[in-house]
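So the structure is just underneath, and the comments pick up after that.
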Amino acid sequence: MADITPIIPSDRQVIDGYGDGQFCVSGKWRTGAVVVLPDRTQPWEAPNFSALTVGDFAMVVGAQPRVELLLLGTGSKMQLLPKALRQSLREAGLVVEVMDTGAACRTYNVLLAEGRRVGAALLPV
């Protein structure tokens, strides 16, 4: 397995690990859901997946510089984002890709290494 972290600038937030309701981002463990952006990581006061609303994504929609793609980690298994919510997020200027949280963590790091303006909204596993 190749280690891609050396090609990611040191001032970027890298997801180092996850599990048991927590995430390790740039060497710091955080409990509960998080939003990871290239320049910062914040706790995410998200309800469970089925109760998500557009308002739950306000910190990502308002992020500067703008996020070009948001990876939504749905927990231990992938779930489908309701069409109305996906459309509302698109209208707010946010493209969302939904996947299980492990895949979202890995994909975030790869896209970050490519220099993309990516974000990850992650529900814990």
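Values in this document were obtained by computation on a predicted structure and should not be read as measured data. All residue numbers refer to positions in the sequence shown, counting from 1.
- The 12-atom threshold is exceeded at CD of E91, counting heavy atoms of other residues, nucleotides or ligands nearer than 6.0 Å.
- Between the CD atom in E97 and the CG atom in L111 there is a gap of 9.5 Å [rounded to 0.5 Å].
- A centroid separation of less than 6.0 Å is found between the aromatic rings of W44 and F57.
- Of the inter-residue distances, the one linking M78 atom CE with L72 atom CG reads 9.0 Å to the nearest 0.5 angstrom.
- V98 places none of its side-chain heavy atoms less than 4.5 Å from the side chain of Q79.
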V34/Q42 under side chain to side chain contact (heavy atoms under 4.5 Å, CB included): CA gap, chis, key distance, verdict = CA-CA 6 Å; V34 295; Q42 298 175 283; over 6 Å; no

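- Under the side chain to side chain contact (heavy atoms under 4.5 Å, CB included) rule, C105 has a single partner from L71, V36, L122, D100, which is L122.
- By the rule that hydrophobic residues join a cluster once side-chain heavy atoms approach within less than 4.5 Å of another member, V25 and L112 end up as members of one cluster.
- Residues V54 and L37 share a single hydrophobic cluster, defined by chaining ILVMFWY side chains whose heavy atoms lie under 4.5 Å apart.
- Following chains of ILVMFWY side-chain contacts shorter than 4.5 Å, one can reach V60 starting from V96, so the two form part of one hydrophobic cluster.
- Closest approach of Q13 to S26, counting heavy atoms only: CA-OG, 3.3 Å.
- Rounded to the nearest 0.5 angstrom, L70 CG and Y108 OH are separated by 11.0 Å.
- S76 places no side-chain N or O within donor-acceptor distance of the main-chain N or O of V125, the cut-off being under 3.5 Å.
- Judged purely by atom type and a 3.5 angstrom limit, T31 has no side-chain atom pairing as donor or acceptor with the backbone of Q22.
- Taken from SG in C24 to CD1 in I15, the straight-line distance is 10.0 Å, to the nearest 0.5 Å.
- Remark: the backbone N or O of F23 is not paired with any side-chain donor or acceptor of R30 at under 3.5 angstrom.
- No donor-acceptor pair closer than 3.5 Å links the side chain of R86 to the backbone N or O of L80.
- Proximity of a side-chain donor or acceptor of D56 to a complementary backbone N or O of T53 within less than 3.5 Å is detected.
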Under the side chain to side chain contact (heavy atoms under 4.5 Å, CB included) rule, what do R12 and D39 come out as? Steps first, then yes or no, please.
-> CA-CA 5 Å; R12 298 293 177 219; D39 62 345; 4.2 Å; yes

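- In the hydrophobic clustering of this structure, V67 groups with V35; members are Ile, Leu, Val, Met, Phe, Trp, Tyr whose side-chain heavy atoms approach within less than 4.5 Å, directly or through other members.
- To the nearest 0.5 Å, atoms CG (L69) and CZ (R117) are separated by 11.0 Å.
- For D20, the CG atom sits in a loose shell: 12 or fewer heavy atoms of surrounding residues, nucleotides or ligands are nearer than 6.0 Å.
- Taking a 6.0 Å sphere around CZ of R90, one finds it holds 12 or fewer heavy atoms contributed by other residues, nucleotides or ligands.
- Here the closest heavy-atom approach between residue G73 and residue A104 is recorded as CA-CB, 3.8 Å.
- Closest non-hydrogen pair, A51 versus P47, comes out as O-CG, 3.6 Å.
- Looking at every heavy atom in both residues, G32 comes nearest to P124 through C-CG, 4.1 Å.
- V95 and L81 fall into different hydrophobic clusters, where Ile, Leu, Val, Met, Phe, Trp and Tyr are joined by side-chain heavy atoms under 4.5 Å apart, directly or via other members.
- Atoms CG and CD, on N109 and E114 in that order, are 11.5 Å from each other to the nearest 0.5 Å.
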